[in-house]
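For reference, the structure discussed in these notes is given below.
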Amino acid sequence: MVRTVVAAQGLRRWALVLGLVAVLAAVPVTIAVWPAPAAGVEPATLRARIAASGAQAYHGYAQSTGLLGLPALPNLAQVTALASGTTEMRTWYAAKDRWRVDVLGEGTERDLYQTPQAQFVWDFGDNQLTRIEGDQPVRLPRAADLTPPELARRILTTAAGDRVEELGGKRVAGVEAAGLRLIPASADTTVDHVDVWADPGNGLPLQTEITAKGGSRPVFVTRFLEIHFGAPDDAVLIPPAPRPGIGYTTTTAPDILGAINRRRPVALPAALAGLPRRDAIAGLSAAGVYGTGLSSVVVAALPGRFGGPAYQQIETYGQKIEGVDAAVIATGLLSVLAVRAGNRTYLVAGLVGTPLMQRLAVGLAEAPG
Amino acid sequence: MIRVELAKLFRRPRTYVIAGLLCALPFTVAVFLATTRIPPPPGQGGAFLSAVLSNGTLYPAAAMALVLPVFLPVSVAVLAGDSVAGEASTGTLRYLLIRPVGRSRLLVAKLVSLVTFVLFAIMTVLITSYVTGLVLFGVGTSAAGVTLPPDVTSLSGVTISPAGLVLRLLGTVAYIVISMLGVAAIALFLSTVTDSALGAAMGALAVLVTSQVLVTLDAAAAIRPYLPTRYWLAWVDFFREPVLWRDIERGAGIQLVYLVVLLGAAWANFLTKDIAN
Amino acid sequence: MITTRDLTKRFGRTVAVDGVDLHVREGDRYGLLGPNGSGKTTLVRMLLGLVFATRGEIEVLGQPVPKRVREVLPSIGAMVEGPGAYPNLSGRTNLALFDAAGPGGSRRDRRKRVDEALERVGLAGIDRRPVRAYSLGMRQRLGLAGALLRTPRLLILDEPTNGLDPRGIREIRDLLAELNGEGATVFLSSHLLAEVDALCTRVGVMDRGRLVVQDELDDLRTPTGRVTVGTPTPERALALLDGRVENHQGQFLTVRHDDPGTLNAELVAAGVTVTALAVERRTLEQVVLDATTTSADRVEAGR
């Protein structure tokens with residue numbers, strides 16, 4: 001058939017539109033695959049800079065994604081959501097005692113303010129402002145612990161004895177970051193390696209990825225999508241003032257673990273399954289940390305009221321341990337163990353495998369109540 | 001031509017019926033909330049709904065959250081789907097084209113008329129819901145009769161001054177208009193493909209529903225930032241302190257990309273299309 | 001005014017218009033005849049740039065179409081396949097909107113233009129009723145008014161008298177003749193022979209997408225070689241013209257004869273009184289029937 005003038009015009013127009021689509025689609029792809037030059041920073045130097053990066057002020061937008069698939073545990077839903085879902089955060093950081101982290105939800109927000117005097121939690125959904133006074137010797141993990149700098153520094157400090165390797169550079173939130181890989185030596189931990197990319201100059205970690213043993217993809221990633229170095233505006237660090245119309249409370253123990261710690265002191269054994277109990281901070285009695293490096297575990301003793309439902313939930317989703325009243329949920333990275341001994345329930349969590357958890361279960365079942 | 005399209009828009013009873021329906025939903029919700037005083041549990045239900053019980057001035061924002069996910073896109077899809085296909089089926093399209101009206105100009109005029117409709121509909125919803133909020137919930141008087149300050153609480157807890165609230169609501173209106181551009185462009189494109197107004201509207205809605213489903217699916221995370229509905233609720237970020245511009249910027253950008261591409265496709269298709277039935 | 005060369009349009013595998021060479025001259029009253037489905041409407045749409053040709057060239061008012069159709073459309077008034085109007089608006093508003101949509105024509109005298117157009121088509125007294133409530137004939141008149149808004153040099157009308165009663169048809173015919181007298185070229189398509197016969201000076205006949213006949217109406221109505229003779233004494237005439245009479249009905253005879261003059265002389269010489277004498281010419285219907293094959297809407301049994 002003869003190609004008419006009009007048909008040719010139509011083809012030209014479609015070609016123009018398709019070309020536009022191709023260009024628009026190529027933009028994000030190109031940005032994603034554009035290679036980042038190697039920063040050329042020695043891993044040991046980078047590690048030292050990361051450790052010292054607590055003084056670096058910044059503000060940005062971070063996102064953490066966990067693929068651990070942990071069931072929602074009673075009273076712990078906020079914690080399990082961090083491990084099994086995506087958390088969007090806005091952070092402003094001026095100094096160690098002056099920062100703010102907002103956890104963003106659709107149509108809601110939960111903000112944590114750290115001021116030199118106290119911590120403040122604002123929860124829009126509950127219309128509640130909470131002032132937290134004093135130290136919290138023991139508390140549950142929260143979103144603010146999962147910003148790339150916090151998580152990377154915590155892991156690198158915990159695994160102080162493990163070696164690091166150099167890793168190729170990566171562009172994170174527009175920064176050409178230098179990378180390092182931490183490889184834990186312990187056989188007990190489920191962590192295969194932790195990758196950290198940090199600003200080569202000031203050492204601020206921008207992306208942290210944890211890969212479990214036997215996995216090819218990281219199971220937990222936290223990274224900045226936007227980062228600005230420099231002190232944030234002072235106004236954003238001022239928590240909302242209590243006023244009529246919103247709820248306001250003052251507490252010293254904001255979460256369940258803190259509450260138990262305050263009310264029900266328990267004596268935990270000095271060693272469990274061959275792991276020595278690490279020196280606890282003053283005031284910490286309901287929970288203890290055993291072991292070293294990334295293979296350390298946290299043990300908490302719960303009273304029956306809280307412990308019973310938690311044990312049942314873990315028993316439902318997890319796997320029973322032979323010989324003792326205990327069940328374990330192993331997610332590949334994080335394992336959670338519940339042990340029932342007498343009227344007390346022990347909850348154990350750590351980045352360790354099931355074999356160690358089984359030994360811990362036996363140890364806890366035999367521990368003096 | 002734009003003036004003619006606007007005249008057609010505002011002379012059609014349909015325009016007012018749709019705007020009235022859009023206003024009716026928040027009004028119904030407000031009546032139930034005001035009579036029962038049962039706020040939705042925190043984190044569930046529409047955004048801001050629990051907050052309006054204590055302060056009616058925030059009700060326009062809650063009304064936006066109510067109409068945006070379904071009602072508004074459906075009405076935009078229906079109108080946009082009708083814009084070319086409807087003219088073709090009443091036979092007026094050929095008379096416009098031999099007037100002559102340039103085909104590109106016709107498409108642009110249709111789009112302008114759609115944007116005007118969205119603006120008109122949102123402003124009506126804003127005004128009616130503001131009045132509803134004031135009348136049914138009052139300014140700062142809660143159920144117990146305790147007097148509260150007239151300031152509105154932002155998502156971040158700090159108060160928003162009345163001037164700030166007006167600015168943020170204007171930002172919201174602008175953002176929602178932009179959000180609807182994508183829907184309008186999809187339906188407008190389909191409207192040039194088919195002669196059935198209903199088919200075009202259904203096609204656009206099918207795209208939107210698919211997009212809404214994929215947004216919530218983790219397995220589709222790779223394409224999520226490029227879905228047309230991904231940033232629809234980003235206007236809520238106007239009510240954070242400080243305003244979170246990230247999603248708003250991205251949402252506007254994505255909508256503009258959809259607009260350019262689909263309007264381009266509509267243009268490529270319509271300019272060489274045979275007007276015959 | 002309108003010239004097409006080898007104009008062809010395919011829709012998928014069907015050929016709607018096939019190699020049409022149309023020629024409409026200035027001042028013509030051109031009637032395009034053809035049964036439904038013969039491609040008339042597609043041809044009209046192509047002339048107006050609504051449908052794009054698969055092959056061939058179109059020139060309207062000296063400009064190539066569709067390339068420069070926007071330059072010539074303001075001088076064309078057209079009605080394509082039935083009137084189109086916004087049903088919820090009044091006829092007056094419809095015309096005002098269509099007038100405002102196109103270029104040219106100032107805003108100030110829009111009202112005047114609309115009133116004049118309505119007056120011409122006999123709708124001067126319409127009220128504010130929406131078009132939805134109009135009868136088919138009223139809509140047809142409204143469509144025509146739309147075509148007349150800008151005092152066009154060329155009128156392209158597709159089935160302009162559809163839905164009108166006989167009086168309405170007559171009014172429209174007179175209007176078109178009047179406009180033609182004022183200098184407008186009229187090009188209309190119709191499937192009604194009588195309409196074209198009564199109005200047009202030039203005729204084209206379409207059959208299955210092809211233009212099979214195109215000529216002056218007078219040239220088409222050629223003498224058939226027969227003469228009709230009226231006489232009070234048909235028996236005598238029969239006896240005289242024995243063998244050449246083809247038909248005999250009362251006092252009228254149809255005689256095969258080339259020249260009515262010599263026939264008259266022959267009859268008068270023989271003393272036959274002649275009361276009427278007329279050359280029989282081909283009717284338009286015969287022209288169409290001869291040129292076309294089978295009815296387009298006839299469905300033959302499977303072959």
Side-chain angles (χ1 to χ4, degrees), chain A residues 4-21 23-25 27-28 59-61 65 67 84-86 88 90 92 100 102 104-111 113 120-129 225-226 232-233 235-236 238-246, chain B residues 39-51 53-55 61-62 65 140 142 146-149 151-159 189 218 221 225-226 233-234 236-237 239-242 244-247 250 256-258 260-274:
Chain A
T4 64
V5 180
V6 170
Q9 268 180 10
L11 284 179
R12 246 198 333 270
R13 290 201 181 95
W14 275 112
L16 192 68
V17 171
L18 291 179
L20 186 71
V21 172
V23 168
L24 288 171
V27 169
H59 56 111
Y61 186 97
T65 308
L67 302 172
S84 326
T86 298
E88 312 268 343
R90 271 212 287 186
W92 294 266
R100 166 182 169 188
D102 291 3
L104 309 173
E106 261 178 27
T108 185
E109 190 169 312
R110 195 180 150 87
D111 307 347
Y113 293 80
F120 293 85
V121 176
W122 159 254
D123 192 317
F124 178 78
D126 295 342
N127 195 29
Q128 177 78 25
L129 181 68
L225 300 177
E226 253 174 47
D233 194 0
V236 299
I238 301 168
R243 61 175 187 278
I246 62 172
Chain B
Q44 291 176 38
F48 304 113
L49 267 192
S50 43
L53 277 181
S54 53
N55 192 337
S142 77
V146 183
T147 309
L148 300 172
D151 288 345
V152 168
T153 305
S154 68
L155 288 177
S156 306
V158 294
T159 54
F189 166 61
D218 277 336
Y226 311 109
L233 285 176
V236 171
D237 296 346
F239 296 90
R240 301 190 196 275
E241 183 60 46
L244 174 59
W245 290 104
R246 182 188 159 79
D247 283 5
R250 272 149 204 263
L256 289 181
V257 167
Y258 273 97
V260 167
V261 168
L262 284 159
L263 204 61
W267 169 77
N269 180 51
F270 187 55
L271 253 70
T272 51
K273 191 193 171 176
D274 287 339

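In what follows, chains are A, B, ... by sequence order, proteins preceding strands, each numbered from 1. As the structure is a prediction and not an experimental result, all values here were calculated from the model.
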Which heavy atom of Ala268(B) sits nearest a heavy atom of Val17(A), and at what distance?
-> CB-CG2, 4.1 Å

Which pair of non-hydrogen atoms, one from Arg243(A) and one from Val158(B), has the smallest distance, and what is that distance?
-> NH2-C, 4.4 Å

Close side-chain approach of Ser156(B) and Arg100(A), heavy atoms under 4.5 Å | yes

Below 4.5 Å from any heavy atom of chain B, which atoms of Leu16(A) appear? Answer side chain, backbone, both or neither.
-> side chain

Among Ala265(B), Ser154(B), Gly264(B), who wins on heavy-atom pairs under 4.5 Å with chain A?
-> Ala265(B)

With a 4.5 angstrom heavy-atom cut-off, could you sort out which part of Phe239(B) is near chain A: side chain, backbone, both or neither?
-> neither

Residues in side-chain hydrogen bond (donor to acceptor under 3.5 Å, both in side chains) with Glu241(B), at least two apart?
-> Arg168(B)

Whatever's closer than 4.5 Å to a heavy atom in chain A on Asp237(B) counts as neither

Counting N and O atoms only, with roles assigned by atom type, does the side chain of Arg240(B) sit under 3.5 Å from a partner on the main chain of Thr108(A), one being a donor and the other an acceptor?
-> yes

Residue Trp122(A) versus chain B: region with a heavy atom under 4.5 Å = side chain

Highest number of heavy-atom pairs under 4.5 Å with chain B: which of Asp111(A), Leu225(A), Leu129(A)?
-> Leu225(A)

Max heavy-atom pair count under 4.5 Å with chain B, selected residue of Pro28(A), Ala241(A), Pro239(A) = Pro28(A)

Would you give the length of the straight line joining atom OG1 of Thr272(B) to atom CZ of Arg13(A), rounded to the nearest 0.5 angstrom?
-> 6.0 Å

Leu233(B), part contacting chain A, at a heavy-atom distance under 4.5 Å = side chain

Interchain contact, Tyr113(A) with chain B, by part (heavy-atom threshold 4.5 Å) = side chain

CG of Asp247(B) to OH of Tyr61(A): how many Å apart, nearest 0.5 Å?
-> 5.0 Å

